[in-house]
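This report concerns only the one structure given below.
Since the model is a prediction, treat every value here as computed from it, not as a measurement. The basis for the numbers below is simple: all heavy atoms, side chains too, and nothing from hydrogens, waters or symmetry mates. For the single chain, residues carry numbers from 1 onward in sequence order.
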Amino acid sequence: SYLHRAIICAFLANGTSTIRPFYPSEDCLATLAMIQTFQASYIIEGDTLTITSTGKLKDQPVTLDAKESATTLRLMMGLLFAKKTQTTFLGHSTLMRRPMEAYFNLCKQENVAYEQWHDSIVIHQNLTQTHFVLTSPKSSQFVSGLLLYLAYHNQGGSIEVINETSSGYIQMTIHML
């Protein structure tokens, strides 16, 4: 969880970031593959990960594969709600059955079109709000994803969480940002 957040925060930074110690897992490699789509590059040397990025999302349709990583899917989906164009998230069918209602409810509130299939989720446009209310999210990853979204916008905002879960992970995201 910490490494996912570190990777995404390094992606958001304009420049070069070093993460140490880094021990790659399949889930972290899925996150790294996603940031490469946005012109970020990385090098793994021993236990060190170096990421170079402009910190910019390209506003053209993209397809990203979360593999089997719920953390990758939820954190990156939150961030990528900032994109103005379609984003398709692929993943193993068991991943796509995991709860995503917290994000889908936000889409419904803003009339953002989305589709959920057995192996993909398609978000057709961006969110515009900067103040969110989440009621009993099934995972703190939704809150963390929205924190990344707000950090990308850099215009302030708020997230009200009713019946919070896993506050330690939310604090980890805040610390990383």
Side-chain angles (χ1 to χ4, degrees), residues 1-12 19 22-42 44 49 51 53 55-127 132 134-152 159 161 165-166 169-170 172-173 176:
S1 287
Y2 192 83
L3 287 175
H4 285 283
R5 288 158 175 83
I7 291 166
I8 297 169
C9 288
F11 163 68
L12 290 173
I19 301 169
F22 177 75
Y23 301 105
S25 67
E26 291 299 314
D27 287 359
C28 285
L29 293 175
T31 302
L32 285 168
M34 283 192 185
I35 68 167
Q36 278 187 304
T37 302
F38 298 101
Q39 310 307 312
S41 62
Y42 70 90
I44 301 171
L49 171 65
I51 296 174
S53 174
K56 300 290 182 202
L57 299 173
K58 56 182 177 180
D59 273 327
Q60 52 190 262
V62 295
T63 299
L64 306 166
D65 193 346
K67 309 279 185 208
E68 296 184 52
S69 177
T71 303
T72 299
L73 178 64
R74 290 174 176 162
L75 295 181
M76 290 298 290
M77 185 178 290
L79 170 62
L80 296 177
F81 275 129
K83 281 179 70 287
K84 294 183 173 96
T85 55
Q86 179 174 302
T87 303
T88 301
F89 293 93
L90 304 177
H92 192 274
S93 63
T94 57
L95 173 63
M96 294 302 159
R97 289 194 302 265
R98 303 279 300 269
M100 297 297 289
E101 290 82 13
Y103 284 157
F104 295 156
N105 289 339
L106 293 176
C107 288
K108 290 173 189 172
Q109 289 170 15
E110 276 204 49
N111 294 316
V112 170
Y114 71 90
E115 300 169 66
Q116 183 177 23
W117 304 97
H118 74 283
D119 62 351
S120 64
I121 296 171
V122 182
I123 306 295
H124 291 281
Q125 63 202 67
N126 65 315
L127 292 178
F132 302 97
L134 298 176
T135 303
S136 301
K138 301 273 189 221
S139 170
S140 62
Q141 293 166 346
F142 297 113
V143 178
S144 292
L146 292 174
L147 286 168
L148 295 165
Y149 165 87
L150 290 173
Y152 182 78
I159 304 170
V161 181
T165 59
S166 306
Y169 288 105
I170 296 167
M172 180 190 305
T173 303
M176 291 300 301

With Gln86 as reference, evaluate Gln125, His124, Gln60 under the side-chain hydrogen bond (donor to acceptor under 3.5 Å, both in side chains) test and give the passing residue.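 So, applying the side-chain hydrogen bond (donor to acceptor under 3.5 Å, both in side chains) to Gln86 and each of Gln125, His124, Gln60, only His124 qualifies.
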Step by step, work out the side-chain contact (heavy atoms from CB on, under 4.5 Å) result for Lys83 and Val62. CA-CA 10 Å; Lys83 281 179 70 287; Val62 295; 3.8 Å; yes
Given side chains that start at C-beta, do those of [X] and [Y] come closer than 4.5 Å, heavy atoms only?
X      : Y      : answer
His4   : Cys28  : yes
Leu79  : Leu12  : yes
Leu146 : Leu106 : yes
Asn105 : Lys108 : yes
Phe11  : Thr31  : no
Ile51  : Leu32  : yes
Lys67  : Glu26  : no
Glu101 : Phe142 : no

How long is the gap from [atom1] on [X] to [atom2] on [Y], to the nearest 0.5 Å?
X      : Y      : atom1 : atom2 : result
Leu80  : Met34  : CG    : CE    : 7.5 Å
Phe89  : Asp65  : CZ    : CG    : 11.0 Å
Tyr2   : Ile7   : OH    : CD1   : 12.0 Å
Leu147 : Met176 : CG    : CE    : 13.0 Å
Tyr152 : Phe81  : OH    : CZ    : 15.5 Å
Leu57  : Gln39  : CG    : CD    : 11.5 Å

Give the minimum heavy-atom separation between [X] and [Y], together with the two atoms involved.
X      : Y      : value
Lys84  : Asp59  : N-OD1, 2.8 Å
Leu90  : Ser120 : CD2-CB, 3.8 Å
Arg74  : Tyr103 : O-OH, 2.8 Å
Met172 : Ser1   : SD-C, 4.0 Å
Thr94  : Arg97  : CG2-NH2, 3.1 Å
Ser140 : Ile170 : CB-CG1, 3.7 Å

What verdict does the side-chain contact (heavy atoms from CB on, under 4.5 Å) test give for Ile159 and Leu150, after you've listed the backbone C-alpha separation in whole Å, the side-chain angles of each residue and the deciding distance to 0.1 Å? CA-CA 9 Å; Ile159 304 170; Leu150 290 173; 3.8 Å; yes
Just checking [X]: does its [atom1] atom have more than 12 heavy atoms from other residues, nucleotides or ligands closer to it than 6.0 angstrom?
X      : atom1 : answer
Lys58  : NZ    : yes
Glu115 : CD    : yes
Phe104 : CZ    : yes

Quick check against the 3.5 Å criterion: does Tyr42 have a side-chain atom that pairs as donor or acceptor with the backbone of Ile35?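 No, Tyr42 side chain to Ile35 backbone: no donor-acceptor pair under 3.5 Å.
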Give a yes or no answer on whether the side chain of Gln116 reaches the backbone of Met96 with a donor-acceptor pair at less than 3.5 Å.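 Checked: pair present.
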Is the distance between the ring centroids of Phe132 and Tyr149 less than 6.0 Å?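 Yes; Tyr149 has its ring centre under 6.0 Å from that of Phe132.
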Of Asp27, Thr71, Ile8, Ile19, which is the lone residue that meets side chain to side chain contact (heavy atoms under 4.5 Å, CB included) with Leu3?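 Single side chain to side chain contact (heavy atoms under 4.5 Å, CB included) partner of Leu3 among Asp27, Thr71, Ile8, Ile19: Ile19.
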What's the verdict on side-chain contact (heavy atoms from CB on, under 4.5 Å) for Val143 and Tyr169, showing C-alpha distance, side-chain angles and the deciding distance? CA-CA 9 Å; Val143 178; Tyr169 288 105; over 6 Å; no
